[in-house]
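For reference, the structure discussed in these notes is given below.
Throughout, a chain's letter reflects where its sequence line sits, starting with A, and its residues are numbered from 1. None of the values given here were measured: they were computed from a predicted structure.
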Amino acid sequence: MFACVFLMNFQTMLLNSNSIHPITTKLLYWYSNNKRDLPWRDNPEPYSTWLSEIVFQQTRIDQGLDYYVRLKAKYPTVYDLAKADEREVLKVWEGLGYYSRARNLHHTAKTIVDKFDGKFPEKYEDILSLKGVGPYTAAAIASIAFSISVPAIDGNVLRVSSRLFTIKEPIDKRSTWKTIEKQLLDIIDSEHPGDFNQAMMELGSLICKPQNPQCEHCPVSDHCTAYHSGIQNELPVKAKKVAVKNVFYNFLVINNEDKLLITQRKEGIWKEMYQFPLFESDAIYKESEIIKIVEKLSIKPIYAIMGSSEYKHVLSHRKIYAKFWMIKTTKELSGNNAIAIDKKDLVNYPMPRLIRRFLESDEAIQFFM
DNA sequence: TAGTCGTGGCA
DNA sequence: TTGCCAAGACT
């Protein structure tokens, strides 16, 4: 029995050593000695793998790690997540950004419970069909949790590949993506596709960085054609540049005793998140303009309206200039699509970072005292 | 296909 | 201060 198991392992090793690419051998050896100790790597079952992949879409490990830990603790299984309220999930997600990820995460948890009987789908196509799961995430889950041999191509892998194989075409073109996928299919370790994919990403994250890659510490620099040509700093090439638009937000912070008015965003930026009644304009309003608006709403301030300092909040594609107009009133609070809540319940509503920054400021704390 | 969707760290 | 960009997906 023992001899038989030994023989099988030996044959597997022989098969691997015959088919495995030298780049992959060195990459996997480096990975086994240098990989970071991350919680979802202890036991790569599909739920944790999926959860981690959603959290870390467009997000650095340092930035998302606490969020992953909190989500996993609050929702240990897909059933726990499926039966949660969306607002509660958004609250846990608050501050991490790209809030559609949280909404899709919750939606997909319900899909897995309802349509897949609580069992995470094991086929690549089924995984890809889940909301919030695109080509990269499906490949990552399939390879890590189910050992399906498919390259997971994220920003790290595009960068590492563009240098390794000297690909000068823009990496954000679909044709370039296909070229890199083909190259990776030639070197992926079909026995350990999850380790291969994670090793490529880890290399990109720790060594083959966007600026000043540390080629002297790279395990595959001997095979890196860009390094040999000395052009590693010129790769990758990108075609798109996102246009950043300026927008101006005037928030009305209307307070009556312990009550204040908040609204829920219905579309666009921060969809489903909460904020104060908002008046968007093509410039920050002057006090005189705010007074007119407040008169029209017949709010009847009992003190002078106080304007906060101006906030600048930068998104990937927007620059938001914001000012919070603080108003004390005795008028009963109500409004279209607005809800009056108790001050102490503010903490229970998921709000974007901009709103939290204001609420944590001295001017806001003083106003609410 | 190209624009939309956050936030924070770093040079 | 400014720009880059990160375990991308959706429409």
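Between A/Asp62 and A/Thr59, the residue whose closest nucleotide on DNA chain B is further toward the 5' end is A/Thr59. Toward the 5' end of DNA chain B, the nearer of the two residues A/Arg353 and A/Glu267, judged by each one's closest nucleotide, is A/Glu267.
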Please test A/Ile171 against A/Arg159 for side-chain contact (heavy atoms from CB on, under 4.5 Å), starting from the C-alpha separation and ending with a verdict.
CA-CA 8 Å; A/Ile171 56 167; A/Arg159 182 175 61 256; 5.7 Å; no
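In this structure, A/Arg159 reaches the C/dA6 phosphate: one of its side-chain N or O atoms is under 4.0 Å from OP1 or OP2. Contact annotation: A/His317 side-chain N/O to B/dG6 OP1/OP2 distance is not under 4.0 Å. Contact annotation: A/Trp93 does not reach the phosphate of B/dC5 (side-chain N/O to OP1 or OP2, under 4.0 Å).
For the pairing with A/Gln198, the side chain to side chain donor-acceptor pair (under 3.5 Å) check across A/Arg36, A/Lys35, A/Arg41 returns one residue only, A/Arg41.
Judged by the 6.0 Å distance and 45° axis criteria, A/Lys328 is positioned over the aromatic ring of A/Phe367. The cationic atom of A/Arg70 (NZ for Lys, CZ for Arg) lies less than 6.0 Å from the six-membered ring centre of A/Tyr67 and within 45° of the ring axis.
The listed nucleotides are B/dT4, C/dA7, C/dC4; the one nearest the side chain of A/Gln211 is C/dC4. When distances are taken from the side chain of A/Arg60 to each of C/dC4, B/dT7, B/dG9, the shortest belongs to B/dG9.
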Determine all donor-acceptor pairs shorter than 3.5 Å in which one atom belongs to a side chain in residues 127-138 of chain A; sequence neighbours excluded.
from: A/Ser129; atom 1: OG; to: A/Asp126; atom 2: O; distance (Å): 2.6
from: A/Tyr136; atom 1: OH; to: A/Glu53; atom 2: OE1; distance (Å): 2.7
from: A/Thr137; atom 1: OG1; to: A/Gln57; atom 2: NE2; distance (Å): 2.9

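A/Glu234 has its CD atom 17 Å from the P atom of C/dC4, to the nearest Å. Taking atom NZ of A/Lys319 as the reference point, atom P of C/dT1 lies 11 Å away to the nearest angstrom. When rounded to the nearest whole Å, the span between CZ of A/Arg103 and P of C/dT11 equals 10 Å. One can place CG of A/Leu315 at 16 Å from P of C/dT2, the figure rounded to the nearest angstrom. Summarising the geometry, the separation between CD on A/Gln57 and C1' on C/dC10 is reported as 11 Å, rounded to the nearest angstrom. Atom C1' of nucleotide C/dA9 and atom OH of A/Tyr136 are separated by 13 Å, given to the nearest angstrom. When rounded to the nearest whole Å, the span between NZ of A/Lys271 and C1' of B/dC5 equals 11 Å. Rounded to whole Å, the distance from CG on A/Leu158 to P on C/dA6 is 9 Å.
Between B/dG8 and C/dA9, the two P atoms lie 22 Å apart (nearest whole Å). The separation of C/dA7 from B/dG3, taken at their C1' atoms, amounts to 23 Å, rounded to a whole angstrom.
No hydrogens or angles were tested; on distance alone, a donor-acceptor pair under 3.5 Å links the side chain of A/Ser316 to the base of B/dG6.
In this model, a donor atom of one side chain and an acceptor atom of the other lie less than 3.5 Å apart for A/Glu88 and A/Tyr75.
Scanning residues 68-78 of chain A for heavy-atom distances under 4.0 Å to DNA chain C yields an empty list.
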